[in-house]
Amino acid sequence: MNSPKLDKLLQSCVQCGLCLSHCATYLVTGNEVLSPRGRLQLLKHWQNNTPDSDQFDALDSCIGCLACESACPSGVPYDLIEQGKSRATPGWRTHLAKPLSSPAVLNTLSKISDSGIGHASNVTPKSMSDGELVSMLDDLAGQKTVLRKTIGKTGPSVMLFPGCVNSTMLFNSQNRLIQLLQSAGCEVEFPRAWNCCGAVASHLDNHHLAETQHKQNLETDCDFIVVEAAGCGRELKEYAGEKVIDAALLLSKLNLELMKTHLKVAMHYPCHSLHGQKIVEEPKQLLNNSVQAIDPHEPEVCCGSGGTFTLFHKELSIQAGKRKAEMLTDTNSDLAITSNAGCLGQLANSLGKSMPIIPLTDLVWYLQTRSKA
Ligand code: SF4
Ligand code: SF4
């Protein structure tokens, strides 16, 4: 762990503390050790010492949301914390990467888990048909609408990367995304064979498996590989660059005609989209001519859903989710939207009955395919 390069990077933290108010684990605990600055201090300590279990836990409880990296004026990379975690991750966790990278296993886990991810299937599950979604949004918007078919002329060719969680728990939402892309003239293809994007293996420090999965998922001649889940998008983008595009970002570039409504919509930006891919204004601009899209207080702070974080640090995850839910309900909006299944489940669990939350693409589909009667 002791290296001049690492030492130089650690020295670049000037201890200003500007990252603290952006870190979800610090905000819910008030414990400096669970802040970016505290974790960097631990890494310095580890250069010459073996970490004990409490110290490992402090690093391991970092959600990996990257909010500290966006906030840091000295450019301290989040990767430092990731590297520190890798050093002490127990071997048994690394071996979990392969079974957990399976859509079938994730699907089963989602049914038996009471962590955030387990609730994605309660929000817009396979059972929430187009008709049910439309009826819910019609009620919220206070207007009855009719179905409109729009056929676009030209658009890019895209390969849709299904993703483990979206393809199993948000199957109907994925179909609505396909309809949207086709209505904007995109030629939509599916991968002949696909795997987990590699994010689970990366989280569990099995980098060899992650790299194999990246390669298998990216074989296509299409213009873009479109990904709805922010975590998968960031993972694949790191490997394949701009050919990989977030679904909300692509939709914002297409010429979609959206119906105007009086809906007030609270935005929740997934960390791996906001911090990991720097997608900031586009989803809001896409919606703003059609609904009133509102940022909650602290839009940059994580909701506490972070891949395997929800499994290993459930209590912290619940606290972060509740805090985010309060920020969303404080906007007094009709509904909340997000573009990531993990955030969706986490927030559905935390919001309870106080506010419905749906995928961003579902709202765009509604606004595109429904026109005023
Ligand atoms: S904002 Fe950057 S420089 Fe300041 S304490 Fe945090 S990591 Fe260190
Ligand atoms: S990645 Fe997120 S949880 Fe981890 S230290 Fe940075 S802000 Fe905190």
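Counting convention: from 1, in listed order, for ligands and their atoms alike. Just so you know, these numbers come straight off a predicted model, no measurement behind them. Sequence positions, counted from 1, serve as the residue numbers for this chain.
Side chains of S70 and K278: a donor-acceptor N/O pair is present below 3.5 angstrom, by distance only.
The part of L40 lying near ligand 1 is the side chain, judged by heavy-atom distances below 4.0 Å.
The protein heavy-atom contact nearest to atom 2 (Fe) of ligand 1 is C72 SG, 2.3 Å. Of the protein's non-hydrogen atoms, C16 SG, 2.3 Å is the one closest to atom 4 (Fe) of ligand 1.
At a cut-off of 2.8 Å, C302 is not counted among the residues with an N, O or S atom near atom 2 (Fe) of ligand 2. Residue C19 does not count as close to atom 4 (Fe) of ligand 1, with no N, O or S atom under 2.8 Å.
Side chain of K324 to main chain of A24: no donor-acceptor pair is present (N/O by atom type, distance under 3.5 Å, no hydrogens or angles). At least one donor-acceptor pair closer than 3.5 Å links the side chain of H275 to the backbone N or O of E300. The closest donor-acceptor contact from the side chain of S333 to the backbone of L335 lies at 3.5 Å or more, if one exists at all.
For ligand 1, the atoms sitting less than 4.0 Å from at least one non-hydrogen atom of G17 are 4 (Fe), 5 (S), numbered in the order shown with element in parentheses. Contact atoms of ligand 2 toward C62: 1 (S), 4 (Fe), 5 (S) (distance under 4.0 Å to a heavy atom of the residue).
At least one heavy atom of P73 sits less than 4.0 Å from an atom of ligand 1. Ligand 1 has at least one atom lying under 4.0 Å from a heavy atom of S74. Within the 4.0 Å heavy-atom cutoff, A71 does not count among the residues contacting ligand 1.
With atom 8 (Fe) of ligand 1 as the reference point, the heavy atom nearest to it among C13, S21, P77, C23 is part of C13. Nearest-heavy-atom check against atom 3 (S) of ligand 1 across V14, L18, L10, L20 picks out V14.
Residue V244 comes nearest to K237 through the heavy atom pair O-CE, 3.8 Å, listed as atom of the first residue, atom of the second, then distance.
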Check the pair E282, L251 against side chain to side chain contact (heavy atoms under 4.5 Å, CB included), reporting the backbone distance first and the verdict last. CA-CA 9 Å; E282 295 87 347; L251 291 174; over 6 Å; no

